[in-house]
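Lettering of chains follows the sequences in order, A, B, ..., and the numbering in each one begins at 1.
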2 protein chains.
Amino acid sequence: MDNLDRGIIDLLRQNARAGYGDIGQEVGLSASAVKRRVDRLVADGVIRNFTIQVDPAVDGLHTEAYVELFCRGTVAPDELLRILADVPEVIDAGTVTGSADAIVHMRSRDIPSLEAALERVRHAPHVDHTRSAIVLSRLISRAID
Amino acid sequence: MDNLDRGIIDLLRQNARAGYGDIGQEVGLSASAVKRRVDRLVADGVIRNFTIQVDPAVDGLHTEAYVELFCRGTVAPDELLRILADVPEVIDAGTVTGSADAIVHMRSRDIPSLEAALERVRHAPHVDHTRSAIVLSRLISRAID
DNA sequence: GATGAAAAGTGCGAAAC
DNA sequence: GTTTCGCACTTTTCATC
């Protein structure tokens, strides 16, 4: 993982379909050298996936919420992970400092489907209650993982 | 935007480097038909970008926080956008229901750099105060926009 | 270990239909 | 929408440092 790898990653982030030759010209390597490094980055798990960013509105996913999760007693992160992994509406989540145990970012088609997903989280073991903030207008979308 | 388009998008989300022929075989179209649809989806802005998902830890971005933003008086979403767009540590943000005006998801190298970014947000016009929850352990990372 | 150059194979992309 | 075809790209091999 040197500066060449970082350069390759930056270029792929901007355009994952860029040709190896084009990338090589930017970072100063031959096409085959770039391919070998990309293959290694994928094998090492540095590059997790090649994906596309889709307009959420077009995709029919208009409704978002940030949900604070409060649990009874002490709950291991692994247990929270198992609960949340089963709900596809959860797009990101993490345990946090403060009074809440975790913050969960959810996205779904509409309010009813969001509510249904929220109910699934609420009725999971250990979950005491939740506090939701529905997103009114999305301001920034730079997350890629 | 029909079910074929949705199928193509789903496959590209899983693997943006999938060949048009392979995609066509899955959704029941020829390679060139798939290409034309993908080109149209890109032109229409449905597909925003082809990117890679990089392990944030490898990338040196270990520190995350969810920040509630409280403003003085009424602030238009556009004004909040201008404030937040200047802070690269902001990876996603939206105005929300509830007592906070917005929720901001931030990511940076470490706590000091997170604090510095937070200071920039705090001292922006209209911002009254913030309430942060530092992420202890990331549970789910499915966001792609 | 790493690279670059050249070979072979594969898929893209632009036609014509 | 499909099929065809030339070409560019990927991917492998090999020699080199």
- Item | Nucleotide nearest A:Lys35 (side chain, heavy atoms from C-beta), chosen from D:dT3, D:dT12, C:dG4 | D:dT12
- Check the pair A:Asp22, A:Arg17 against salt bridge (Lys or Arg N to Asp or Glu O under 4.0 Å), reporting the backbone distance first and the verdict last. CA-CA 10 Å; A:Asp22 297 336; A:Arg17 290 199 303 186; over 6 Å; no
- Note on the structure: In whole angstroms, the gap separating P of C:dG11 from CG of B:Leu29 amounts to 18 Å
- Message: Please report the distance, rounded to the nearest Å, between CG in A:Leu4 and C1' in C:dT3.
- Response: 11 Å
- Item | A:Ile23 CD1 - C:dG4 C1' separation (whole Å) | 17 Å
- Query: Counting heavy atoms not belonging to B:Glu79, are there more than 12 under 6.0 Å from its CD?
  - Reply: yes
- Query: Taking CD from A:Gln25 and P from D:dT10, how many angstroms apart are they, rounded to a whole number?
  - Reply: 12 Å
- Task: Figure out the CZ/P separation between A:Arg40 and C:dA2, and round it to whole Å.
- Result: 7 Å
- Query: Nearest-Å distance, OH (A:Tyr20) to C1' (D:dT11)?
  - Reply: 9 Å
- Message: Rounded to whole Å, please give me the gap between CG in A:Leu41 and P in C:dA2.
- Response: 12 Å
- Message: Please report the distance, rounded to the nearest Å, between CG in B:Asp22 and C1' in C:dT10.
- Response: 11 Å
- Between B:Thr63 and B:Ser108, a side-chain donor and acceptor under 3.5 Å: no
- B:Arg37 has a side chain; which of C:dG4, D:dT2, D:dG1 sits nearest to it? D:dG1
- Message: Assuming nearest nucleotide by heavy-atom distance, tell me which of A:Ser32 and B:Arg36 is located more 5' along DNA chain D.
- Response: B:Arg36
- When A:Arg13, A:Arg6, A:Arg48 are each screened for salt bridge (Lys or Arg N to Asp or Glu O under 4.0 Å) with B:Asp59, the one that passes is A:Arg13
- Query: If you pin A:Val34 and A:Arg17 to their nearest nucleotides in DNA chain C, which one's is more 5'?
  - Reply: A:Val34
